[in-house]
Structures are given as structure tokens and as C-alpha cells.
Amino acid sequence: MPIAFNEPLSFLQRITEYMEHVYLIHRASCQPQPLERMQSVAAFAVSAVASQWERTGKPFNPLLGETYELIREDLGFRFISEQVSHHPPISAFHSEGLNHDFLFHGSIYPKLKFWGKSVEAEPRGTITLELLKHNEAYTWTNPTCCVHNVIIGKLWIEQYGTVEILNHRTGHKCVLHFKPCGLFGKELHKVEGHIQDKNKKKLFVIYGKWTECLWGIDPVSYESFKKQERRGDHLRKAKLDDISGKADSDVADDVPVAQETVQVIPGSKLLWRINTRPPNSAQIWPARRRSGWRRNREKRGGSGPGRRRSGRRGGSTQAITPTLGPPTGCMQGITLSGISPTAQISTEGLEGPGARDRRLTRLDFLEWPL
């Protein structure tokens, strides 16, 4: 895969973005009723994939044994992830509340499928959330992610599939349907579902968009609103049926136009709203080969690879890049906690004429997905 499709992050670091809305877990732990706890857990499961909106770059595959650790005392959790398998690539993670109120752990094995104009990533692996105060465990699997126009055209992303969240103690289940885009993009980013008890009786309806917010309402009010909506939609549907379109495998899929906001049903309860992104969040540097950096530095007469290469003018990447370690010749990995001994790479014998070029050759492989 060309490196232009990568973003300068490790997949282990990308997983930590699941905890962006960790306040939903704290809120679920404080709820007295199982239905209210399931509402917060469902909102957290949807918020975990919200960071993928407009993130069409693929993170780099971590090295075997590589770890990433994050501690946020202000948000009340610690997080650690590790690459536990190389073929197939499997990443495991574990997080816990600093107040010992929850455990969040699981493993992710992304199965990629190439469909000509798009790439589909099926995130195999079970995610588990334990609320220690209530002695409850919730499990689910993330929806399928698809990136369109990987060959030509503008890249755009969508999530689709069914996510089932199960409370193993009470039997409550939340079934969420991530809607595919469809022909006219009407269902783009939409999420609809419901919460049911162990007898399969609907207790609560959830709707919204995984890119914006989630709302909830009782089933009777939801069905009444949908009936009124269908009465006014039959005329618009007749007009859409008259429109004919053809698909060409050599033409890029147009980016569908989605509604900016969610139509809120009167009497709904807000479950979650996405955090506002920084104004320059879309202006990231794409990952590039280090050879381009080397040519630029040689023209300017720069020093060897021991200098930091993060965001330098005329450089090639803003990613956290490895640097040569102590004189023993070990190379430090791209993590906060350091690379494990199984992933250390010896650079002994790189002295003498041409040693600088050989060091760069040893580092080049880190810029490419394994």
C-alpha cells in the first residue's frame, strides 16, 4: 500500500481515541437503573468510532511487542495497548478507572477487503466494558468501516453494520443499526436502534448520527412520529423513483451530501454529543518516505539522523520518529512507554565510512506498514 494512504500515527495510539468521551462510562457507573446504564454504554460505544469521521488515513501497523501507554488524571483513567500478534495483526488494550470504577479491555483484528474502488475494514474482536460497582459486563463489536475512492476521486468514509451490546448480568440488549449510505446518501452516518430487556420487549429507542449526536425516546412516541413522517414522504419518494442513475466501475463514487443536523423528535433525551474539533484538525501532514527528508537535509548540509525530525521545515513528516539510542546501538520505538525487548533492533557494526547511510536504511522500514 502506498505510504500516502497512511497517517503519521501508530494503530496503538489510534485506539486510545476510544476514551475521548470517557465521561459516559463514569455517568453509567453512577446510574441506579440498568436501562439508564445501558443508554450511557450505548452512547459510549457509538462515540468510540466518532473520531474516524473524515479520518481516511490508515495508521501504521505497530511492531510486534510494541506498547503505548496513556494516563489522564484529569479524565480519570489509564490506558495501555500492545501489539500481540504480527500475522494476523492483533492489537490488545486494557484501560481502568483511576477510582477503580470500571475496566475496559479487548482486542482488535482488522480484516481488510479490497473492492476495487473502496477498502472495507471489518474490526473483528470483542470489546468488553465492566462496571465494577454494579458487577456488570457489557460486550460488543465495532461496525464495519469503508473508505471510498481509494484509486481516484475524493476519499470519504462510512460506517455500517449492526452492533449488539449485551449486559451479561441483567440480560438487557441494545441493538444499533449503522445505516449504509444508499443510492442518494439519505441514510449517511445515521444510527438507529433500541434497548430491550431479556424478554425482548422494547424499552427505549435510540437515533442520531455517529458523527454528531445520539438521542433517545420511548418507543410509543417514536413510532407515532415515524407514522406521521411516512405520510408526508410518499410524494417525495415518487419523485426519486423517476430519477435513473447508472454506475460505472471506472468512475469515482461522488461524496454524498448529508444533512447537517439530526431531526430531533419532541420529547427526546440527549445521550451524547461529539466534542468540537480544533479548527486546524484537518490540516495534518501525510506520512512520506524518509528518503525525501534525506535528500533535503543533504542539500542544506544538515547533521545526521540523530537530530529530531518533527515538523522541520523542508522535512517529511510530523510523526513521532525513532532516534538512535545510547552507544550500545538500540533503537527506541514509537511509543510513550518505549519499545519492548522483542522489538529492539540492533545497529551494531554501523561504524566507519557510509555508516550514516546504513543507519537511514535501517530506519526506513518504520515508515512503511508491515
Between Arg273 and Trp215 the two heavy atoms that sit nearest each other are NH2-CZ2, 3.7 Å
Greater than 12 external heavy atoms within 6.0 Å of Lys226's NZ | yes
Hydrophobic cluster membership, Val175 vs Phe44, 4.5 Å side-chain cutoff | no
So if you build clusters from Ile, Leu, Val, Met, Phe, Trp, Tyr with side-chain heavy-atom gaps below 4.5 Å, do Phe225 and Leu270 land together?
-> yes
Correct closest heavy-atom pair for Lys133 and Ser29 would be CD-O, 3.7 Å
Full working for salt bridge (charged side-chain N to carboxylate O under 4.0 Å, His left out) between Glu7 and Arg14 | CA-CA 10 Å; Glu7 66 175 358; Arg14 184 77 174 263; 2.5 Å; yes
Nearest non-hydrogen partners of Ala50 and Ile274, listed with the distance | CB-CD1, 3.9 Å
Side-chain contact, heavy-atom cut-off 4.5 Å: Arg72 with Met19?
-> no
Side chain to side chain contact (heavy atoms under 4.5 Å, CB included) between Thr141 and Val163: does it pass, once the steps are laid out?
-> CA-CA 6 Å; Thr141 302; Val163 175; over 6 Å; no
Check the hydrophobic clustering (I, L, V, M, F, W, Y; side-chain heavy atoms under 4.5 Å; chains of links allowed) and say if Leu203 and Val41 are grouped together.
-> yes
Any chance the side chains of His168 and Thr139 put a donor and an acceptor closer than 3.5 Å?
-> yes
Do the side chains of Tyr160 and Val46 join up, straight or via other hydrophobic residues, at under 4.5 Å, putting them in one cluster?
-> no
Listed partners of Tyr138 passing ring-ring contact (aromatic ring centres under 6.0 Å, His included), at least two apart | none
Checking Asp197 side chain against Lys201 main chain: does a donor-acceptor pair fall under 3.5 Å?
-> yes
Taking the side chain as every heavy atom from C-beta outward, state whether Ile157 and Cys146 have any pair of such atoms under 4.5 Å apart.
-> no
So do Leu24 and Trp272 actually touch side chain to side chain, heavy atoms under 4.5 Å?
-> yes
Measuring from Phe60:CZ to Gln13:CD, what's the distance to the nearest 0.5 Å?
-> 12.0 Å
Spacing of Thr16 atom OG1 and Ile80 atom CD1 [to the nearest 0.5 Å] = 12.5 Å
If you measure from CD on Glu17 to OG on Ser51, what distance do you get to the nearest 0.5 Å?
-> 4.0 Å
From Trp140 CH2 over to Ile127 CD1, what is the distance, rounded to the nearest 0.5 angstrom?
-> 6.0 Å
Side chain proximity check, Ile15 to Phe79, heavy atoms < 4.5 angstrom = yes
Heavy-atom nearest pair, Leu188 first then Lys209, reads O-CE, 4.1 Å
Phe102/His26 aromatic ring centres below 6.0 Å = yes
Heavy atoms, side chains only, cut-off 4.5 Å: are Leu63 and Gln83 in contact?
-> no
Taking the side chain from Glu158 and the backbone from Cys181, do they hold a donor-acceptor pair closer than 3.5 Å?
-> yes
Charged N to carboxylate O under 4.0 angstrom, Glu122 versus Lys111?
-> no
Atom CH2 in Trp210, atom NZ in Lys190: separation rounded to 0.5 Å?
-> 15.0 Å
Heavy-atom nearest pair, Pro143 first then Val49, reads CD-CG1, 4.1 Å
Looking at side-chain heavy atoms only, is the closest gap between Arg37 and Leu131 below 4.5 Å?
-> yes
Report the C-alpha separation of Glu82 and Ser91 in whole Å, then their side-chain angles, then the decisive distance to 0.1 Å, and conclude whether the side chain to side chain contact (heavy atoms under 4.5 Å, CB included) test is met.
-> CA-CA 6 Å; Glu82 180 179 356; Ser91 303; over 6 Å; no
Is there side-chain contact between Ile206 and Leu271, with heavy atoms separated by less than 4.5 Å?
-> yes
Presence of salt bridge, Glu73 and Arg78, under 4.0 angstrom | no
Tyr18 vs Asn142, side chain to side chain contact (heavy atoms under 4.5 Å, CB included): CA-CA, chis, key distance, verdict = CA-CA 11 Å; Tyr18 286 177; Asn142 284 334; 2.9 Å; yes
Examine Phe93 together with Phe104 and report whether their ring centres are nearer than 6.0 Å.
-> yes
Taking side-chain contact (heavy atoms from CB on, under 4.5 Å) as the test, write out the residues that go with Leu103, two or more places apart.
-> His94, Glu96, His105, Glu130, Leu132
In the hydrophobic clustering that connects Ile, Leu, Val, Met, Phe, Trp and Tyr at side-chain heavy-atom distances below 4.5 Å, which members other than Ile90 occupy its cluster, ordered by chain and number?
-> Val84, Tyr109
Can you tell me if Tyr207 and Ser268 form a side-chain donor-acceptor pair at under 3.5 Å?
-> yes
From CG (Asp218) to CD (Glu223), nearest 0.5 Å = 10.5 Å
Is the shortest heavy-atom distance from the side chain of Phe204 to the side chain of Leu35 under 4.5 Å?
-> yes
Check against side chain to side chain contact (heavy atoms under 4.5 Å, CB included), Ile195 and Gln39 = CA-CA 8 Å; Ile195 299 176; Gln39 294 173 11; 3.7 Å; yes
Is there a path of hydrophobic side-chain contacts, each under 4.5 Å between heavy atoms of I, L, V, M, F, W or Y residues, that connects Phe11 with Leu70?
-> yes
Distance-only polar pair, side chains of His148 and Ser118, donor-acceptor under 3.5 Å = no
Atom of Lys179, atom of Glu187 and distance for their closest heavy-atom approach = CB-O, 3.5 Å
